Amino acid sequence: MTSKFYITTPIYYVNASAHIGHSYTTIAADTLARYNRNLLGKDKVRFLTGTDEHGQKIQRAAEKEGLSPQQFTDKIVPTFKNLWAKLDISYDDFIRTTEERHIRAVQRVLEILHAKNEIYAAQYEGWYCIPCETFWTEMQLVENACPDCKRPVEKIQESNYFFKISAYQDWLIDYLKSHLDFIRPASRHEEVCRFLELNKLTDLCISRPQERLGWGIPFSFSPEHVTYVWFDALINYISAVGSFDDKGRYVSEWWGDDVKVVHLIGKDILRQHAVYWPIILKALGIRMPDTVFAHGWWMLGEDKMSKSRGNVVSPLEMVDKFGVDVYRYFLLRDVPFGLDGNFSEDALIKRFNSDLANDLGNLVYRTLTMIEKYYQGNVPQGEFKAADAQAEAIGVKIAHLGHRLASNLGAGDYNFSLALESIWELINMANKYVEDSKPWNLSKEGKTEELRNFILVLVGVIRKVSAAIAPFMPQAAVSIKEQIGQNEIKKGNPLFPRIEIKKV
RNA sequence: CGCGGGGUAGAGCAGCCUGGUAGCUCAUUAGGCUCAUAACCUAAAGGUCGGCAGUUCAAAUCUGCCCCCCGCAACCA
């Protein structure tokens, strides 16, 4: 019985500013959060995002700027929050891994696992590159040198803590096979299963010596060790919404059996979420999330987009140029959730002109004009009436839209693209209905009854559409409502004025 | 023989699991209409479904082989 919905994004690593990928996951999560709030009620939905702030990369980035790690992350975090504000992200909570609530939870988790003998101390041996301060495996070395800086590496040993994930391999395989909705889309489920069947898990090293890495959460029972960033980071999903009691039981109103727990992630961090995370939870005796959904990447032309290549699309720039709703719409509409996509301004403009300007914007605008012209700006009295076959078909479409959206946004695969398509089917029917009804003739011929029914059908469609697009495009939904929500319409400028492509 | 994803109209994709006249969006062309943002509606053109072979009455769809493209160290959605 799930009556509540808890959705998360990954916590973003703050060693650089946010790019299109961060915004993609977050916009998708926001859309689902908004959708479910409408369905279940505002207080039945919890939407968490946040930042991952520990680790070597942060430490080094801070040093480069002559700041302490905390000062550095304090400086970066607002840039994320500002972006989310600009993208209309309605998160309920924003967790930072440097917050007290999180640090306490991580330490408790370590204590509990330690007490249960799930973690143990051992020598860690590996090839270490001193300038890069990084361990490499034998496999990663390039001609016996550091793959990053090409300098020679040294074999060193240090004492660390390990988490017994190898003991859970069989359990995990069984779990995945009996819970096909756990890892989505299905292709990722298979990828993980295949990986687990072909490889033997080795216990996960979850600590770093304090002297080598100062910036992390210290082990309470071994202060000379700090927590490895991934172990630290994953815990955020539970540290944000609950806590452990004296007996080590996790207590949370957002992680019970009545809650549907969904993690949205990018395909790059599938391993951590599909392997480490369930095992951590299992070892703690905490229930599994319902779904981990790994979406694809946005490519830029031929290249993969990444921080290190510097070929990132700035979400802020796109929003300033085209508007939030347009950006949100494009990301969710252009590519099926789960697959990789190609980002280009040309593609965005194409979408904009054909879907938003020509189909939706124009439908609203032409309807408003007709209400102005034929009814002096007042929506005629009366109800939606299926006076002819087309109106009837539209009525059926309106009635079924909720189910269509539910099947695309509610279960298993989050197919935003199809959900939007189903809304656009209705928009297109309405545009065609205008053509076929020829209201200008109805007006001339004095067929007032027909004209009124016709207008009411359009108004019905527009109101339905504005409600349906609200999770995707909150602002557009509001402005449609402002223009045509009342009996007296308020026609403004076109919602989405066409962008003429006069390329530089 | 490493793993995975992919190769379908000019572009981007669906269809493939559960074989049976090859579909969608955009772009193009022609027509219609005027309420509308050169928009909307209708129609047309455009594909030997990467190649070869096999199974079959029938293959984009199943099987085998081959070719080409993209990922598979780390950071990163």
Side-chain angles (χ1 to χ4, degrees), chain A residues 9-10 12-13 15-16 18-29 52 55-58 60-61 132 134-137 139-142 146-148 186-188 190-191 194-195 198-199 229 264-270 293-299 302-309 312 331 333-336 339-342 344 346-347 349-351 353-374 417-418 421 424 427-428 430-443 451 454-455 458 493-501:
Chain A
T9 71
Y12 303 114
Y13 208 57
N15 63 339
H19 59 66
I20 184 174
H22 299 110
S23 69
Y24 185 42
T25 321
T26 309
I27 287 169
D52 185 8
Q56 208 156 47
K57 296 267 179 229
I58 303 279
R60 247 180 270 153
C132 293
T134 307
F135 271 104
W136 302 102
T137 65
M139 294 291 290
Q140 292 170 329
L141 297 181
V142 178
C146 171
D148 248 13
S187 56
R188 299 291 165 205
E190 273 154 44
E191 190 180 316
R194 170 81 56 130
F195 167 77
L198 262 45
N199 298 279
V229 281
L264 253 41
I265 61 169
K267 66 179 184 180
D268 49 299
I269 51 174
L270 180 62
F293 192 104
H295 65 244
W297 272 333
W298 283 96
M299 317 289 267
E302 295 302 299
D303 288 327
K304 173 178 160 184
M305 199 172 310
S306 76
K307 288 178 186 175
S308 49
R309 293 194 199 184
V312 293
L331 293 183
R333 173 64 184 83
D334 209 52
V335 169
L339 300 182
D340 289 352
N342 249 299
S344 74
D346 282 355
I349 290 171
K350 238 181 216 173
R351 275 284 168 211
N353 280 340
S354 73
D355 298 358
L356 296 180
N358 296 353
D359 295 344
L360 173 57
N362 188 45
L363 174 66
V364 173
Y365 196 72
R366 72 201 300 203
T367 303
L368 289 170
T369 305
M370 285 187 272
I371 293 173
E372 264 184 348
K373 189 159 177 172
Y374 304 137
S417 188
L418 279 182
E421 261 184 60
W424 255 254
I427 293 171
N428 292 334
N431 272 325
K432 184 165 163 46
Y433 188 51
V434 177
E435 222 54 49
D436 295 344
S437 302
K438 301 188 177 21
W440 46 95
N441 287 343
L442 296 180
S443 169
L451 187 61
F454 162 78
I455 290 289
L458 293 191
N493 292 324
L495 278 173
F496 302 106
R498 270 182 78 85
I499 298 169
E500 293 313 323
I501 312 161

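All of these numbers come straight from a predicted model, not from anything done at the bench. Order of the sequence lines sets the chain letters (A, B, ...), proteins ahead of strands, with each chain counted from 1. Only this structure's heavy atoms are used, side chains among them; waters, hydrogens and symmetry mates stay out.
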Side chain of [X]: nearest nucleotide among [options]?
X      : options             : value
A:K350 : B:A36, B:C76, B:C26 : B:C26
A:H19  : B:A36, B:C40, B:C76 : B:C76
A:K57  : B:C26, B:C40, B:C75 : B:C75

Roughly how many Å is it from CE in A:M370 to C1' in B:U37, rounded to a whole number? 14 Å

Quick check: any donor-acceptor pair below 3.5 Å linking the side-chain of A:N362 to the base of B:A39? no

Does [X] reach a base, just sugar-phosphate, or nothing at all? Heavy atoms under 4.0 Å.
X      : result
A:F496 : base
A:D334 : nothing
A:L495 : base

Which residue, A:Y12 or A:P494, contacts RNA chain B at a nucleotide closer to its 5' end, judged by nearest heavy atom? A:P494

Between A:A357 and A:D340, name the one whose nearest nucleotide on RNA chain B is closer to the 5' end. A:D340

Can you check the distance between B:U29 and B:C70, where both ends of the measurement are the P atom (answer in whole Å)? 34 Å

Mind listing the N/O atom pairs, protein and nucleotides 2-7 of chain B, below 3.5 Å?
from	atom 1	to	atom 2	distance (Å)
B:G4	OP1	A:R194	NH1	2.7
B:G4	OP1	A:R194	NH2	3.3

Taking the inter-plane angle between the rings of A:Y433 and A:F454 on a 0 to 90° scale, is it parallel (under 30°), tilted (30 to 60°) or perpendicular (over 60°)? tilted

Below the 4.0 Å mark, does [N] have OP1 or OP2 next to a side-chain nitrogen or oxygen of [X]?
X      : N     : value
A:W297 : B:A77 : no
A:R498 : B:A39 : yes
A:H22  : B:A77 : yes

Determine whether a donor-acceptor pair (N or O, by modelled atom type, separation under 3.5 Å) exists between the side chain of A:H295 and the backbone of A:K267. no

Will you find, in the side chains of A:N431 and A:R366, an N or O donor that is under 3.5 Å from an N or O acceptor? yes

